[in-house]
Number of protein chains: 2
Amino acid sequence: MATISDVAARAGVSTATVSRTLNGKSTVDPELAARVLEAAEELGYHPNGLARNLRRQETAVLALIISDVENPFFTSIARGVEDLAQVSGYSVVLCNSDENEDKERRYLDVALQERVAGVLLSPTGPATSVTRLRRLGIPVVAVDRPLPGTDGDQVLVDTRRAARQATRHLVANSYRRVACLTGPPGVRTADDRLSGYFDAVGEENAIFRRAEYRAEGARHAAGDLLDQPVPPDALLVANSTMAIGVLEALAERSLRAGRDIGIVSFDDAPWTTLIDPPLTVVAQPAYEIGRVAAQLLLARIADSTREPVTTTLDAQLIDRQSSHR
Amino acid sequence: MATISDVAARAGVSTATVSRTLNGKSTVDPELAARVLEAAEELGYHPNGLARNLRRQETAVLALIISDVENPFFTSIARGVEDLAQVSGYSVVLCNSDENEDKERRYLDVALQERVAGVLLSPTGPATSVTRLRRLGIPVVAVDRPLPGTDGDQVLVDTRRAARQATRHLVANSYRRVACLTGPPGVRTADDRLSGYFDAVGEENAIFRRAEYRAEGARHAAGDLLDQPVPPDALLVANSTMAIGVLEALAERSLRAGRDIGIVSFDDAPWTTLIDPPLTVVAQPAYEIGRVAAQLLLARIADSTREPVTTTLDAQLIDRQSSHR
DNA sequence: TTGAAAGCGCTAACAT
DNA sequence: ATGTTAGCGCTTTCAA
């Protein structure tokens, strides 16, 4: 593995000159530069980024830690982050915490040890802590869910309001017993969506279940709800992976969305218009969330003293057929 | 940012002792060890992974470069890779090449510069080259698509055979004009699936279109096919993102899958059973592909001299309703 | 413009 | 069992 001194030796110059040539920092004699380039080429030389970063005390990589790589909402965020980061010359590496505190901590540690330039994180829960990162001066921006007890940059969605609105939409469409299926306690979006639902129906009338943000758990929870003596006639579902489970539960019982039971789900997954009836959803601006978050992070990397900012984006109800009788 | 010497100074020992304590390599006096740990704690010390890796000439991170982070097939692979890597203490960072040679090259460069322990790659096309990686001794295993002109480790699916089988299935279900919608030329899976289709219908009877591996392009291509004077009565679709486009094209024309036009698609996405009629698919063992690939990579990291192995997994036709009249 | 040399933070001989 | 020290590959003063 050729090093910079190999190149220097071959070109008959000092390592400093090689470094200067390759980085185009200071100006070097064209003649020497040519020799350097040639030597580097011949040797198949590739700078060792580890050494460079160690010396420079900086890296051009961002870490994005999301809680479910199989959820289109998060992959869409990833696209947004990546597109923005790339034009500024940053690479982004995606880590999947899988809604699991341990995995999340591991990836946070990796980010810390590798001394990435910054991290974007959708915290798994209230236990998530980034104080270690912050102490080392590595900026963190929270995405989709706020970081417990900190005042850093964050980009969120007004998801409580969206849930309230979606519930009211169901009520307005003359569903009388609207229930809510949300994620685990402690997961902020799950709690907020439930609160929004409470806002609309009143806590005393609330019917709800919690399950993991996954199809399987949602299928059971929905089944449980549906099999009650007096089942709900409408369901607010907290994300699209859960919606899959819910729709399976309906199919198992030969229930038709809309006619038999009103459904509104969070997240406009690619398949929501394919099913019959098409799914009414609360569309979150995932790609935009990613872009904004990356912007915030880059801005903070450039200037660590700026005031923390919280950007709250709006979700949008897309009214399709599953919320009409 | 506290360094190892800060800790050493505070604990009144040498840096070597600190290093030994923290890495549990050699044995150190419990008394000293305690002092070290305490000092580290007080200082909020976290080892600098860059320095460590530079010194050790190794990292415990794997790079997984996939061509579409929004495609469930690839995210499923990612899960497989991650699950296996994790138990061996490796972290995996996901990079999205977006079916784009430039992005792919950028991420390959990042992997190279960061001197990752190994890379798993689903090459975007024939131009993909990993010789630079290999020259530096960084092992690469190809996933889902073979690496042009090399004999490294790879894990593939016998996709040609699967396509042939799927086409025959359609023919056996008395569809008479089966067409094929596949990905771009040069993308190996796209070409192989087309070949499998040729195998079944004969090249002279072939009706096919190519489009990007995305919903939008597939929608147009399918529309084009469907609007022919004598349209096909069945379609073999090369992946699930394309299937979304195809189903949209059907809906626009009030065509019903199965009855009006037989459909078989590659990849068993989560939503395929939700639509009406449920989609007949060729299910690829994505998660398993990821696991096996990670295994191969780890094995090669451990022993760079072992013979390259190609593992070919089988896909499975899941017969549902969209391929029956 | 160029080179010599220090040093980023860590680990691993080697010596004690 | 512990410390001393060299050095991983690079960038960047500082002199020349």
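Protein chains get the first letters and strands the later ones, always in sequence-line order, with residue 1 at the start of each. Basis for what follows: all heavy atoms, side chains included, without hydrogens, waters or symmetry-related copies.
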Residue Val13(A), side-chain heavy atoms: nucleotide from dA12(C), dG3(C), dA6(C) that is nearest: dG3(C)
Counterpart residues, salt bridge (Lys or Arg N to Asp or Glu O under 4.0 Å), relative to [X] (two or more places apart):
X	value
Asp6(B)	none
Asp83(A)	Lys103(B)
Arg300(A)	Asp153(A)

For nucleotides 13-16 of chain C, tabulate all protein N/O to nucleotide N/O atom pairs closer than 3.5 Å, reporting atom names and distance.
none

List in numerical order all residues of residues 108-117 of chain B for which some heavy atom is under 4.0 Å away from an atom belonging to DNA chain D. none
Strictly distance-based, threshold 3.5 Å: is any side-chain N or O of [X] a donor or acceptor partner for the main-chain N or O of [Y]?
X	Y	value
Arg145(A)	Ala142(A)	no
Asp191(B)	Pro185(B)	no
Ser97(B)	Ile65(B)	no
Asn23(B)	Lys25(B)	no
Arg134(B)	Val140(B)	yes
Ser5(B)	Ala8(B)	no
Thr128(A)	Gly125(A)	yes

Can you see whether [X] engages [Y] through a side-chain donor-acceptor pair at a distance of less than 3.5 angstrom?
X	Y	answer
Asn48(A)	Gln113(B)	no
Asn100(A)	Arg106(A)	no
Tyr213(A)	Thr189(A)	yes
Glu104(A)	Thr124(A)	yes

State whether Gln57(A) places a side-chain N or O below 4.0 Å from either non-bridging phosphate oxygen (OP1 or OP2) of dG7(C). no
Span of DNA chain D, from the first to the last nucleotide whose atoms fall under 4.0 Å of chain B heavy atoms: dA1(D) to dG9(D)
Considering non-hydrogen atoms only, spot the tightest contact between Ile138(B) and Ala111(B) and give its length. CD1-O, 4.2 Å
Under 4.0 angstrom, heavy atoms only, what part of the nucleic acid is Asn23(A) near: base, sugar-phosphate, or nothing? sugar-phosphate
Contacts of type side chain to side chain donor-acceptor pair (under 3.5 Å), residue Glu58(B), not counting sequence neighbours: none
Of Gly12(B) and Leu54(A), the one whose closest nucleotide on DNA chain D sits nearer the 5' end is Gly12(B)
Using whole Å, what does the distance between atom [atom2] of nucleotide [N] and atom [atom1] of [X] come to?
X	N	atom1	atom2	result
Lys25(A)	dT2(C)	NZ	P	18 Å
Arg55(B)	dT11(C)	CZ	P	9 Å
Asn53(B)	dC10(C)	CG	P	12 Å

Contact list please: residues 1-10 of chain B against DNA chain C, heavy atoms, distance less than 4.0 Å, in numerical order. Thr3(B), Ile4(B)
Got a sec? Which of residues 36-51 of chain B come in under 4.0 Å of DNA chain C, heavy atoms? Tyr45(B), Pro47(B), Asn48(B), Ala51(B)
Taking only residues two or more places apart in sequence, or in another chain, which ones meet Arg135(B) in a side chain to side chain contact (heavy atoms under 4.5 Å, CB included)? Arg132(B)
Bend of the helix from dT1(C)-dA16(D) to dT16(C)-dA1(D) from end-axis comparison, five pairs per end, nearest 10°, comes to 40°
Atom pairs and distances, side-chain donor-acceptor, residues 304-312 of chain B, under 3.5 Å, sequence neighbours left out:
{"unit_1": "Thr305(B)", "atom_1": "OG1", "unit_2": "Asp303(B)", "atom_2": "OD1", "d": "2.6"}
{"unit_1": "Thr310(B)", "atom_1": "OG1", "unit_2": "Gln154(B)", "atom_2": "OE1", "d": "3.2"}

